[in-house]
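Just so we're on the same page: letters track the sequence lines, and every chain starts at 1. Note that the structure is predicted; figures quoted are calculated from it, not measured.
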2 protein chains.
Amino acid sequence: MPKEFTINDIAREAGVSKATVSRVLNESASVKPETKERILNIMKERNFSPSAAARDLSRQQSNTIGVIVPEVDNPFFGEILRGITEIADQNNYMLVCCNSDDSAEKDKKALLMLKEHRVRGLIYTPAVDYTTKEQQITINKLLRDLNAPIVIMDRPTDSLEQYDGVFFDDEKAMYEATKALIQAGHTKIGLLNATMDRVLARGRYKGYERAMNEAGIPMERRYIFEGDYRMTKAYHFSKKLLSMEDRPTAVLACNNRTSLGFLKALYERGERLSKDIACIGLDRIEAFEIINNKFNYIERDANQMGRHAIRLLNDRIACPQKPLEQVILTPVLKIHNL
Amino acid sequence: MPKEFTINDIAREAGVSKATVSRVLNESASVKPETKERILNIMKERNFSPSAAARDLSRQQSNTIGVIVPEVDNPFFGEILRGITEIADQNNYMLVCCNSDDSAEKDKKALLMLKEHRVRGLIYTPAVDYTTKEQQITINKLLRDLNAPIVIMDRPTDSLEQYDGVFFDDEKAMYEATKALIQAGHTKIGLLNATMDRVLARGRYKGYERAMNEAGIPMERRYIFEGDYRMTKAYHFSKKLLSMEDRPTAVLACNNRTSLGFLKALYERGERLSKDIACIGLDRIEAFEIINNKFNYIERDANQMGRHAIRLLNDRIACPQKPLEQVILTPVLKIHNL
DNA sequence: AAATTTCATGTAACCGGTTACACCATAAGA
DNA sequence: TCTTATGGTGTAACCGGTTACATGAAATTT
């Protein structure tokens, strides 16, 4: 790395001490206007860029914020990131993005790295929450050791009561979606969900269950799929589901990927959405929404979730003693056709 | 920030000098095995986390890599980021993500911030390249002043000859897409493009133009749209285009957002893709691809672009003197139905 | 006019690592 | 056995900022 100018260089050239230069840099104390002017000019001339490492070291604090998400390439998280960056920019935070690929191991690695950098705060979406108890303990310890404010995002964990958080009320969303289907006359309703060791899957299931129970409709185990939230498994199960003799007349897909899996299976059979079978998906699918193809979905404003996350972090940094805050966002049903 | 353990603490407890601790930390020199063991144990016990700021400061170097993209929430860039993180992880780089929102001003801000952090390298997708000459000069200066390897990604700039880069050969892609349409019998072909002050728009236009000229088909100015690469404008133009009396029988959309704009207009009219009008889009649209809805597109492997970008950066860091490298990726036509 | 406050600035310690250099003990070579 | 390499370690300077404290001059108060 070629040598950069330091405040020493600037100080020498301006004929002042480095302390004065530092003062100008931080506007931390009054400096005679003409001296300040002179120093600023030299800085500009020399293209001075203060070393963040030195600043962080002496201040014992950084302006870096860590973000750990499980899938950067999922549009849901893309929008979240967008929301986060918008606010981070305004507050001059630097964002360090880590993609955990839903691996607890990568979460761990990221947390260690972020700690070395003494991040000012962390926005954390835990990797698949079906980690073993041991992993959970390790991660909890790492979170504690981070010694910085943390906002848990999207996926509740058992260490939840210690941190601020932003979540969607998926249970309510699925409850209402199910109710909407029932009101439209459906009783045989499929559910494309993930395994029940995941908090989110449990919540979604509960919403579905509650609506079914309230309506007095018995639940068919074979209509309920517990796989994961990726496309492939949902696709294969949907194929089976669609070829059942006594198949459901409606399907609930528990995230955007499972919606796609279902749709793929449906279109492969040459069937048409809503006409041949009803469906409500969780999360919008941009393409469908835009071409107005009557895709019913539960809308979750991911951008807003991101903005809330960093807002919470900001507040916590500003006021470490403030009471814990959990923001629960309410998804909105977008129904065209059942 | 609560006090963390430092190498001094570790050294004291182990009864050695901090230099020895540092040696253990970096495996930079031989340390007596039992001493090393002892130090490592204490580190583990005390949960020691070396300060990145201190390390960076004394080494005059960081392991941070900056990434500037214009739209984190565009799936195209989401996939790129995914590719980048995959390789960055392996090399223990820390990624700092900046979203420029296609604003040269934010590019500038990000570059200044990254410079303060003395990033080890930068992967840079310039904001809208129709920046004024002045802005261009400012940005070029900032890039030079960064004093670190840079890889230009996706959008060529005029300072290109100085940096490594990864790009798609969009001209060829559009040329072949146009040719495919012509071979299928189309002569009236619409083009949804951005204004010609953008390098990418020029390249795409050129591909189209070349194919049309070679086939001896005169180009109709009113079939060609020069707007931007967002959905809204493409949608409005598409509406006009579709309602023309003598309208095109095929349309080329120059990126994923313009494809969506076109599709929206099309579906709003109750028309159907391919049946009523042919279309080839640049970039896949996940939802369409998956449900096999016969959406024709030019596939660009964004994940691979990301991987190439960081690979190039890595190589350049390892060997600053190596000749410049420009990777040109070839898009692939995915045609179902013309 | 003397005492006190305020402004502008310098001095020096400190943040937590890295590393050139020096040193001693031991092992290898002559 | 004496010299010479080598292994293991300590000392201290350095990286580039921040900041508590001190100081002298100017402005304000009494």
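- Residue Glu325(B) holds its CD atom at 9.0 Å from NE2 of His308(B), rounded to the nearest 0.5 Å.
- Within the nucleic acid shown, Ser28(A) has no heavy atom closer than 4.0 Å to any nucleic acid atom.
- In this structure, CZ in Arg118(A) is found 8.0 Å from CD in Gln60(A), a value given to the nearest 0.5 Å.
- In this structure, the CZ atom of Arg12(B) is 19 Å from the P atom of dT9(D), given to the nearest Å.
- Looking at Arg82(A) and Glu79(A), no side-chain N of the basic residue comes within less than 4.0 Å of a carboxylate O on the acidic one, giving no salt bridge.
- Of the candidate nucleotides dG17(D), dG16(D), dT18(C), dG17(D) has the atom nearest to the side chain of Arg55(A).
- Scanning residues 45-52 of chain B for heavy-atom distances under 4.0 Å to DNA chain D yields an empty list.
- If you take NZ of Lys115(B) and P of dG16(D), they are 13 Å apart, rounded to a whole angstrom.
- As a whole-Å value, the separation of His117(A) NE2 from dG16(C) C1' is 14 Å.
- Taking OG1 from Thr85(A) and CD from Glu71(B), the interatomic distance works out to 11.5 Å, rounded to the nearest 0.5 Å.
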Using salt bridge (charged side-chain N to carboxylate O under 4.0 Å, His left out), reason through Asp9(B) and Lys18(B) one step at a time and then give a plain yes or no. CA-CA 9 Å; Asp9(B) 301 322; Lys18(B) 59 195 284 199; over 6 Å; no

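- Note that the OH atom of Tyr163(B) and the CE atom of Met153(B) stand 16.0 Å from one another [nearest 0.5 Å].
- When only modelled atom types and interatomic distance are considered, Glu4(B) and Asn147(A) share a side-chain donor-acceptor pair under 3.5 Å.
- Looking only at atom types and distance, the side chain of Asn91(A) has no donor-acceptor partner in the side chain of Arg311(A) under 3.5 Å away.
- For dT18(D), the OP1/OP2 oxygens have no side-chain nitrogen or oxygen of Gln61(A) closer than 4.0 Å.
- OP1 and OP2 of dC15(C) both lie 4.0 Å or more from every side-chain N or O belonging to Thr6(B).
- Atom NZ of Lys109(B) is separated from atom OG of Ser103(B) by 9.5 Å, given to the nearest 0.5 angstrom.
- In this structure, Lys32(A) places its NZ atom 17 Å from P of dG24(D), rounding to the nearest Å.
- Near DNA chain D, meaning a heavy atom under 4.0 Å from it, residues 14-27 of chain A has Lys18(A), Ala19(A), Ser22(A), Arg23(A), Asn26(A) in order of number.
- Between the CZ atom of Phe5(A) and the C1' atom of dC15(D) there is a distance of 17 Å, given to the nearest Å.
- Taking atom CG of residue Asp9(B) and atom C1' of nucleotide dC15(C), one finds them 13 Å apart after rounding to whole Å.
- Straight-line distance from the CZ atom of Arg59(B) to the P atom of dG17(D): 19 Å, rounded to whole Å.
- Counting only N and O atoms by type, the side chains of Asn26(B) and Arg59(B) include a donor and acceptor under 3.5 Å apart.
- Over its full length, the helix from dA1(C)-dT30(D) to dA30(C)-dT1(D) turns its helical axis through 30°, comparing axes from the five pairs at each end and rounding to 10°.
- Each of Ile65(A), Ile152(A), Ile68(A) was checked for a side-chain contact (heavy atoms from CB on, under 4.5 Å) with Leu122(A), and the lone residue meeting it is Ile68(A).
- The distance from the CZ atom of Phe76(A) to the CG atom of Asp154(A) is 4.5 Å, given to the nearest 0.5 Å.
- The CZ atom of Arg118(A) sits 14 Å away from the P atom of dC15(C) (whole-angstrom rounding).
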